There are 2 protein chains.
Amino acid sequence: MPRRSREDTAETRRQIVETAVGVASVDGLEGLTIGRLADDVGMSKSGLLNHFGNKEALQLAALRAAQQRFRVEVWHRAADEAPGLPRLRAVAEAWVSYLERRVFPGGCFFAAATMEMDDQPGPVRDELAESMSRWLDTLATDAREAQRVGDLPPEPTAEQLAFELQGLIFATNWALQLLHDDGAPARARAAIDRLIPPAV
Amino acid sequence: MPRRSREDTAETRRQIVETAVGVASVDGLEGLTIGRLADDVGMSKSGLLNHFGNKEALQLAALRAAQQRFRVEVWHRAADEAPGLPRLRAVAEAWVSYLERRVFPGGCFFAAATMEMDDQPGPVRDELAESMSRWLDTLATDAREAQRVGDLPPEPTAEQLAFELQGLIFATNWALQLLHDDGAPARARAAIDRLIPPAV
DNA sequence: CCTACCGATCGGTAGG
DNA sequence: CCTACCGATCGGTAGG
């Protein structure tokens, strides 16, 4: 029954990757070791490695799964809003809420992965940089549309707004994870309301 | 000559710690391995470990040295300004400049260490959390003084301003380290000028 | 400060 | 998917 077998293989791989995302968000992409992950999912190192080839491929698989989860938990919650200020505000709220809901057990996967890998050249770093650049563009595009229709003033620029939103998310994640300060999301929302105020 | 010997020991230790700070800012506090550091400074593992006892003590020594460097490169550049808005603005400028000057080879030591260690209980995490809390307090204290004398409006609150400044620094460090975006410090300064504008 | 060594774990391979 | 194994490296210790 080759068909059944292929499905099982895909399901096993899915379970490995899901576990890997959780481990990586807590212990980092380097803390994600093959032996430990094999124990966690209950199989041998070589059996696990068979699905990916090497550790770097496993890290990339975890990163892509984390991106997919982010899309579902942040972008999809806002995607139906009208492009421009409504969608930008919905994205910002979903983004803060994603931290508050602790979508990843170790806090924002991308904040942690970025700080860990920013000095480690290679495909993982490249994929991280590209994906975060695209995200900043997504934010700036809605900010620009909001400015075009007059929902936001022309200054600060769209790129500036995206940059500042990114900073608020970092600060919130940091306050939640390091200081266990549950007041951080409220501060983020207050800052967002000044930065990109609702249309009147 | 016991005295000369004691000085040499202190000098050796100083060199080890200085090297450790650089390594940790690039590869993280866990990437700081005893064998590699011993190679870097040209001595044996056991000789190096003799100065600290174990790896955790070495990490704490590196963290404290990094704090000292931060004090010199950021706080001391602003400490002579008048408490309140003048000093807060000077601190913010020195803080952005500290990223721009690449005081640590791997970017902000504390941003990297925080994201790496925030889920790893122990003395290193505790020291990081305490030291960053104190820093936020330092910022908020000057913000409060600025509000008291009317140099800043009562809203946003002093704590909110400190939180947002911290976020701008994270975003700047991130844009410099991951995206190699040299425009980030200018964006940070623009945001700072809106957040805590110079007194008229 | 050194050499010599410990058990554990790392990423990965051979062979089935 | 497994067992069995590889060389390298981990943090750390014994003994000098």
Side-chain angles (χ1 to χ4, degrees), chain A residues 1-21 23-24 26-63 113 116-117 120-125, chain B residues 1-21 23-24 26-63 113 116-117 120-125:
Chain A
M1 290 194 251
R3 185 151 166 220
R4 179 62 188 275
S5 169
R6 236 174 289 148
E7 281 166 15
D8 285 354
T9 300
E11 170 60 17
T12 300
R13 190 191 146 104
R14 211 190 50 76
Q15 277 178 16
I16 295 169
V17 171
E18 198 170 311
T19 307
V21 168
V23 170
V26 171
D27 293 323
L29 281 163
E30 288 302 329
L32 187 66
T33 73
I34 295 160
R36 185 208 157 168
L37 189 60
D39 272 2
D40 284 355
V41 301
M43 63 192 292
S44 69
K45 286 203 304 173
S46 74
L48 187 147
L49 210 45
N50 224 23
H51 287 276
F52 306 97
N54 58 34
K55 181 176 178 172
E56 188 174 276
L58 167 64
Q59 290 176 321
L60 284 170
L63 173 53
E116 180 186 4
M117 304 300 284
Q120 314 298 331
V124 176
R125 200 208 110 97
Chain B
M1 291 194 252
R3 185 152 166 220
R4 178 62 188 275
S5 167
R6 236 174 287 148
E7 282 166 12
D8 285 353
T9 299
E11 171 59 16
T12 300
R13 189 191 146 103
R14 213 190 47 76
Q15 277 178 16
I16 295 169
V17 172
E18 198 171 313
T19 307
V21 168
V23 170
V26 171
D27 293 323
L29 281 164
E30 287 303 327
L32 188 66
T33 73
I34 296 159
R36 187 209 158 164
L37 189 60
D39 273 3
D40 284 356
V41 300
M43 62 190 294
S44 69
K45 286 203 304 173
S46 74
L48 187 147
L49 210 44
N50 225 23
H51 287 274
F52 307 95
N54 57 33
K55 181 174 177 173
E56 188 174 274
L58 168 63
Q59 290 176 322
L60 283 170
L63 173 53
E116 180 186 3
M117 305 299 286
Q120 314 296 331
V124 177
R125 200 207 110 98

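These numbers were taken from a predicted model, which means no experiment stands behind them.
Distance from the side chain of L49(A) is smallest to dG12(C) among dG12(C), dC1(D), dC1(C).
A 4.5 Å side-chain heavy-atom check between L58(B) and N54(B) finds every atom pair outside the cut-off.
Spacing between atom CD of Q59(B) and atom C1' of dC10(D) amounts to 13 Å, rounded to whole angstrom units. Between L58(B) atom CG and dC10(D) atom P the separation is 13 Å, expressed in whole Å. The separation between F52(A) atom CZ and dT13(C) atom P is 15 Å, rounded to whole Å. The distance between atom NZ of K55(B) and atom P of dT13(D), rounded to the nearest whole Å, is 14 Å. To the nearest angstrom, P of dC10(D) lies 18 Å from CD of E56(B). Taking atom CG of D39(A) as the reference point, atom P of dC10(C) lies 9 Å away to the nearest angstrom. Here dT9(C) presents its C1' atom at 15 Å from CD of E30(A), a figure rounded to the nearest Å. Distance R36(A) CZ to dA8(C) P: 19 Å, rounded to the nearest Å.
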* To do: Could you give me the CA-CA distance, side-chain angles and deciding distance for D27(B) and R36(B), then say whether salt bridge (Lys or Arg N to Asp or Glu O under 4.0 Å) is met?
  => CA-CA 11 Å; D27(B) 293 323; R36(B) 187 209 158 164; 2.5 Å; yes
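Interatomic distance, CG of L32(A) versus CG of D40(A), reported as 9.5 Å (0.5 Å rounding). Note that the CD1 atom of I34(A) and the CG atom of L48(A) stand 7.5 Å from one another [nearest 0.5 Å]. Taken to the nearest 0.5 Å, the CD1 atom of I16(B) stands 8.0 Å off from the OG1 atom of T19(B).
K55(A) contributes a side-chain N or O that, together with a main-chain N or O of E30(A), makes up a donor-acceptor pair within less than 3.5 Å. In this structure, E116(A) contributes its side chain and G28(A) its backbone to no donor-acceptor pair below 3.5 Å. Remark: side-chain polar atoms of E56(A) are not paired, donor with acceptor, to backbone N or O of V124(A) under 3.5 angstrom.
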All N/O contacts under 3.5 Å from nucleotides 2-4 of chain C to the protein, with atom names and distances to one decimal?
residue, atom, partner, partner atom, Å
dC2(C), OP1, S44(B), N, 3.4
dC2(C), OP2, S44(B), N, 2.9
dC2(C), OP2, S44(B), OG, 2.4
dC2(C), N4, S46(B), OG, 3.0
dT3(C), O4, S46(B), OG, 2.8

* Asked: Based on Watson-Crick and G-U pairs with both distances under 3.5 Å, what dot-bracket line describes DNA chain C 5' to 3', crossing pairs as [ ] and inter-strand pairs as |?
  -> ||||||||||||||||
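Shown here for R13(B) and A61(B), the closest heavy-atom pair between the two residues is NH2-CB, 3.8 Å.
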